[in-house]
Amino acid sequence: MPTTGPSRSRRLAVVCLALASCIAFGSVAAASPDPDTSVPLDVPAAGEILTDHTVGALRDGRFATPQEIWDGLVGVDSFFDEPVLRGDEKPGTLLRSEPFDVQFAGVMPARLDAWKLMYVTENVKGGLDIATAVMMVPEDDRGDATRPVIAYQEANDSVGANCHPSSQWTGGVPVEPSGWSAIGPLTQMWSAGAATVITDVGNDADPAPHGIFAGRYAGMAVLNGVRAAFEVGAAGVHTGSPVGAFGIAGGGVGAGFAAEYQPHYAPEIDLRATVLEAMVPDQRSFVDYSADGLGAGFAFATILGLEAQYPEMRIDEKLTPAGRALADHFRGSCQIAYFTTPFLPLHTLFTSGTRPADVPEFQAVFADNDLGRDNAPTSKVLVSNCRANDSFLMVVPVADTAALVERYRAMGTDVTYQALDCSDAVMVTQPYRWLTELYGMHTVDWLIHEVQ
């Protein structure tokens with residue numbers, strides 16, 4: 001990758017170091033009590049994030065040119081043009097791959113090899129579908145036989161096209177919070193020598209609404225993305241690689257279903273450990289809890305994302321004209337749009353006045369996407385979540401997470417559960433701890449240790 005001059009590189013590294021130091025200042029405090037684990041689940045020190053690899057990637061990288069920034073923002077790329085499938089392809093078949101230079105917020109880091117992937121996956125009805133993904137592999141001297149592969153699933157809840165990781169990591173949608181929240185954990189993983197595979201859960205450029213919230217669909221997309229990554233020929237990424245999964249928020253649904261499906265759907269994948277951070281174990285409960293709260297927009301987007309895989313929901317037939325207008329807007333939008341409708345009483349969008357969690361035709365779909373009902377992971381699982389709904393950002397009932405942990409344990413899964421103090425008081429007094437735990441950065445050491 002081309003490099004920038006020494007002065008510009010130093011300025012970039014110094015700015016990043018200064019920002020990290022400012023965030024960390026005054027925030028050194030004991031984390032919540034750790035569970036019984038040999039690897040501490042604690043707040044990473046600044047030096048664990050700004051490693052030699054991270055600083056080198058910034059120092060040796062460069063700023064994108066105006067043309068590169070424009071191309072990334074426009075996002076027109078023939079790579080995403082779908083071929084016609086014969087119908088006999090196996091899930092996980094790599095259709096095409098293409099190397100690219102990582103670009104995020106105008107910065108093009110060095111020391112990363114990256115590929116766009118297009119591959120075959122399945123929909124919830126058992127038919128074949130096409131998905132895309134990005135794979136990023138750190139440039140280091142790690143032996144091919146020992147490099148772990150992490151299937152990382154962002155907190156990406158976008159129903160619209162060109163909103164997903166393939167766009168984010170090539171310079172698109174710079175305002176999407178899911179991309180920004182991924183920087184910390186991904187940096188830790190690359191510093192540890194791990195390759196990362198991030199699926200778009202569908203084709204990033206497909207104009208049809210994306211089924212990002214359909215857990216079964218997302219879980220298969222995660223596993224098939226790993227299968228496809230094995231075919232690229234990247235350093236250390238092959239069928240014998242040890243694999244971990246990491247999912248946060250919306251991505252936690254896909255990672256959770258991937259862990260549940262792996263034993264019978266993809267037994268050849270050596271999935272050793274899974275991290276589930278602040279995910280949604282029960283779709284109906286989440287929609288009901290958030291239907292008129294801060295997360296109302298995300299609750300509405302959830303049912304729209306489910307409909308993309310379950311057209312029998314026939315949502316438009318149940319909506320008022322205002323509800324249909326909002327639905328059409330959300331179906332073509334990235335998740336940043338869902339923040340614009342907090343506290344919207346969703347029942348007012350339905351002609352019946354029924355709360356969406358109680359619509360009879362939705363119940364079977366909700367049940368089909370509950371974690372821990374029919375299958376259990378055989379990999380180790382770490383579940384990390386807030387211990388109480390005492391943060392303004394907490395839009396998922398914490399009792400649902402605790403119930404999932406108990407269901408997994410009852411089915412024989414080795415589960416570690418960490419309850420975090422996510423209160424607004426911690427956000428104000430210990431912002432560094434609050435942010436790193438919010439993004440799941442305290443769990444990465446555990447995941448790497450279990451996957452090595």
Side-chain angles (χ1 to χ4, degrees), residues 91-92 117-134 150-161 163-166 168 178 182 196-204 206 208-229 243-262 264-266 269 271 274-284 286-287 298 301-311 313 334-335 365-375 377 379 381 396 404:
L117 315 178
M118 177 177 281
Y119 61 95
V120 179
T121 188
E122 289 187 73
N123 59 39
V124 299
K125 308 299 185 183
L128 297 182
D129 201 358
I130 289 178
T132 52
V134 290
I150 306 297
Y152 181 91
Q153 284 309 106
E154 295 181 2
N156 185 9
D157 302 322
S158 301
V159 181
C163 301
H164 306 276
S166 288
Q168 295 171 12
S178 60
T196 55
V197 179
I198 318 176
T199 178
D200 300 318
V201 188
N203 182 351
D204 178 46
D206 185 353
H210 286 232
I212 194 79
F213 292 99
R216 293 179 56 215
Y217 179 59
M220 289 185 287
V222 170
L223 294 171
N224 288 321
V226 173
R227 284 169 162 163
V243 177
F246 182 109
I248 180 170
V253 179
F257 271 94
E260 291 187 7
Y261 274 37
Q262 178 271 330
H264 66 271
Y265 185 81
I269 294 177
L271 182 64
T274 302
V275 169
L276 302 178
E277 173 76 20
M279 75 299 190
V280 179
D282 184 320
Q283 300 277 19
R284 184 194 177 281
F286 165 65
V287 170
F298 285 86
T302 295
I303 62 173
L304 297 174
L306 287 170
E307 185 192 34
Q309 285 293 306
Y310 299 88
M313 294 175 73
C334 301
Q335 71 176 20
V365 177
F366 289 143
D368 201 38
N369 288 278
D370 280 353
L371 283 165
R373 298 298 183 185
D374 301 316
N375 303 286
S379 69
V381 175
V396 179
L404 174 65

Discussion item. Between Ser178 and Gln168, is there a side-chain heavy-atom distance shorter than 4.5 Å?
Written reply: yes

Discussion item. Within the 3.5 Å criterion, strictly below it, is a donor on Asp200 or Thr132 matched to an acceptor on the partner's side chain?
Written reply: yes

Item to complete: For Arg216 and Asn369, work out which heavy atoms get closest and say how close.
Response: N-OD1, 3.6 Å

Discussion item. Could you measure the distance from the NE2 atom of His264 to the CG atom of Asn375? Nearest 0.5 Å is fine.
Written reply: 5.0 Å

Practice prompt. Would you please say whether a donor-acceptor pair under 3.5 Å links the side chains of Ser379 and Gln262?
Written response: no

Discussion item. Go through it in stages, so that I can follow the logic: the residues are Tyr152 and Ile248, the test is side-chain contact (heavy atoms from CB on, under 4.5 Å), and I'd like the CA-CA distance, side-chain angles, deciding distance and then a yes or no.
Written reply: CA-CA 9 Å; Tyr152 181 91; Ile248 180 170; 4.2 Å; yes

Discussion item. Closer than 3.5 angstrom, by distance alone: can the side chain of Glu154 be matched with the main-chain N or O of Gly251 as a donor-acceptor pair?
Written reply: no

Practice prompt. Would you name the heavy atoms of Ala133 and Thr199 that are closest together and state the gap between them?
Written response: CB-CA, 3.6 Å

Worksheet entry | Min side-chain heavy-atom separation Phe246-Thr196 under 4.5 Å | no

Worksheet item: Are any non-hydrogen side-chain atoms of Val201 and His164 less than 4.5 angstrom apart?
Response: no

Fill in: Within-4.5 Å side-chain heavy-atom neighbours: Thr302 and Phe366
no

Fill in: Nearest-0.5 Å distance that lies between atom OG1 in Thr274 and atom CD1 in Ile150
9.5 Å

Worksheet entry | Closest non-hydrogen atom pair between Tyr217 and Gly211, with its separation | CD2-O, 3.5 Å

Practice prompt. Could you check Ile198 against Gln153 for side-chain contact (heavy atoms from CB on, under 4.5 Å), going step by step and ending with a plain yes or no?
Written response: CA-CA 6 Å; Ile198 318 176; Gln153 284 309 106; 4.3 Å; yes

Worksheet item: Would you call Val381 and Leu276 a side-chain contact if the rule is heavy atoms closer than 4.5 Å?
Response: yes

Discussion item. In terms of relative ring orientation, are Phe257 and Tyr261 parallel, tilted or perpendicular, with 30° and 60° separating the classes?
Written reply: perpendicular

Discussion item. With a 3.5 Å distance limit and no angle check, can you tell me whether His210 reaches the backbone of Asp157 through a side-chain donor-acceptor pair?
Written reply: no

Worksheet item: For Lys125 and Tyr310, what are the C-alpha separation, side-chain angles and deciding distance, and is it a side-chain contact (heavy atoms from CB on, under 4.5 Å)?
Response: CA-CA 9 Å; Lys125 308 299 185 183; Tyr310 299 88; 4.2 Å; yes

Worksheet item: So how far is it from Ser166 OG to Leu117 CG, rounded to the nearest 0.5 Å?
Response: 8.0 Å

Item to complete: Might you point out which heavy atoms bring Tyr119 and Ala221 nearest each other, and give the distance in Å?
Response: OH-O, 2.8 Å

Worksheet item: With a 4.5 Å limit on heavy-atom distance, are the side chains of Arg227 and Val197 in contact?
Response: no

Worksheet item: Below 4.5 Å, heavy atoms only, C-beta onward: do Glu260 and Asp374 meet side chain to side chain?
Response: no

Practice prompt. Check for a donor-acceptor pair, side chain of Gln309 on one end and backbone N or O of Val124 on the other, with a separation under 3.5 Å.
Written response: yes

Fill in: Which atom of Met279 lies closest to which atom of Val253, heavy atoms considered
CB-N, 4.2 Å

Worksheet item: Can you find a pair of side-chain heavy atoms, one from Cys163 and one from Gln335, that are under 4.5 Å apart?
Response: no

Response to the item:
Nearest heavy-atom contact between Ile269 and Leu223 is CD1-O, 3.6 Å

Worksheet item: Hey, what do you get for CG (Asp129) to CG (Asp206), rounding to the nearest 0.5 Å?
Response: 7.5 Å

